[in-house]
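What follows is a single structure, written as structure tokens, with notes after it.
These values consider heavy atoms only, across backbone and side chains, with no hydrogens, waters or symmetry-generated copies.
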Amino acid sequence: SQKNAGATIALALECSDPTVNPRTNSEETNSLKITNPYCGRNQLPDWSSVILLVAKHGKRFCQLAIRLVLDQLSACTTKQDALQATILRLYTYYPTFTCLGDSRLRE
């Protein structure tokens, strides 16, 4: 359902923060920080792969993913490059699912 998809995308976006390591507890989070959320030069980060997998299930889910990523993009300044790359990948992978009516998407 869309509710589950929204929760999954929100969790993936939370994991996109390079200062959060979901594999550590709160005491270790301050001492251990992820400096690069990408796995390698040519690999997608796990959180981005999750968003792409959710968007793959149809137009409603792709539009939901784009809307949530755009909301996150306008709310933060630290990970804009990664979020913009995710939006570009969503549009590249699913151009028929993407509605260009949102002015934030066209920017």
Side-chain angles (χ1 to χ4, degrees):
S1 74
Q2 265 193 305
K3 183 178 178 181
N4 291 336
T8 302
I9 294 168
L11 180 62
L13 288 171
E14 186 176 322
C15 292
S16 71
D17 189 358
T19 60
V20 174
N21 187 348
R23 294 186 180 110
T24 62
N25 62 23
S26 61
E27 296 171 359
E28 297 174 350
T29 302
N30 292 333
S31 63
L32 180 63
K33 303 231 185 256
I34 298 174
T35 56
N36 186 4
Y38 291 96
C39 303
R41 181 176 181 208
N42 295 323
Q43 294 178 329
L44 289 175
D46 294 336
W47 62 267
S48 185
S49 298
V50 169
I51 292 172
L52 292 172
L53 286 171
V54 170
K56 176 175 137 176
H57 290 286
K59 187 173 185 172
R60 289 183 306 146
F61 296 107
C62 186
Q63 289 176 352
L64 175 67
I66 289 173
R67 184 174 48 83
L68 291 174
V69 171
L70 286 172
D71 290 345
Q72 184 74 19
L73 184 62
S74 64
C76 82
T77 58
T78 57
K79 54 187 173 184
Q80 285 190 347
D81 292 339
L83 293 173
Q84 288 173 346
T86 302
I87 290 173
L88 181 60
R89 283 188 187 267
L90 284 167
Y91 178 70
T92 304
Y93 290 175
Y94 313 111
T96 58
F97 293 169
T98 307
C99 177
L100 296 175
D102 191 350
S103 63
R104 297 182 303 166
L105 182 60
R106 293 190 306 263
E107 291 178 357

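One hydrophobic cluster, built from ILVMFWY side chains closer than 4.5 Å, holds both Trp47 and Leu68. Hydrophobic clustering (ILVMFWY, side-chain heavy atoms < 4.5 Å, transitive): Tyr93 and Val54 are in one cluster.
Between Lys59 and Phe97 the shortest heavy-atom distance is CG-O, 3.6 Å. In terms of heavy-atom proximity, Ala12 sits nearest to Val50 at CB-CG1, 4.1 Å.
Within the model, atoms CD of Gln63 and CG of Leu105 stand 10.0 Å from one another, a figure rounded to the nearest 0.5 Å. Rounding to the nearest 0.5 Å gives a distance of 5.0 Å between CG of Leu90 and SG of Cys62. Between the CG atom in Leu64 and the CD1 atom in Ile9 there is a gap of 4.5 Å [rounded to 0.5 Å]. The NE2 atom of His57 lies 8.5 Å from the OH atom of Tyr94; values are rounded to the nearest 0.5 Å. Asp81 contributes atom CG, which lies 9.5 Å from atom CG of Leu73 (distance to the nearest 0.5 angstrom). To the nearest 0.5 Å, atom CG of residue Leu88 and atom CG of residue Leu83 are 12.5 Å apart.
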Practice problem: Could you give me the CA-CA distance, side-chain angles and deciding distance for Arg89 and Leu44, then say whether side chain to side chain contact (heavy atoms under 4.5 Å, CB included) is met? | Solution: CA-CA 10 Å; Arg89 283 188 187 267; Leu44 289 175; 3.0 Å; yes
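At least one side-chain heavy atom of Asp71 sits under 4.5 Å from a side-chain heavy atom of Arg104. Side-chain contact between Gln2 and Phe61 is present, with at least one heavy-atom pair separated by less than 4.5 Å. Counting only heavy atoms from C-beta outward, the side chains of Leu100 and Thr98 approach each other to under 4.5 Å.
The side chain to side chain contact (heavy atoms under 4.5 Å, CB included) test with Ile51 is passed by exactly one of Ile66, Thr8, Thr86, Ile87: Thr86.
The pair Asp102-Arg67 does not count as a salt bridge, with every side-chain nitrogen at least 4.0 angstrom from each carboxylate oxygen.
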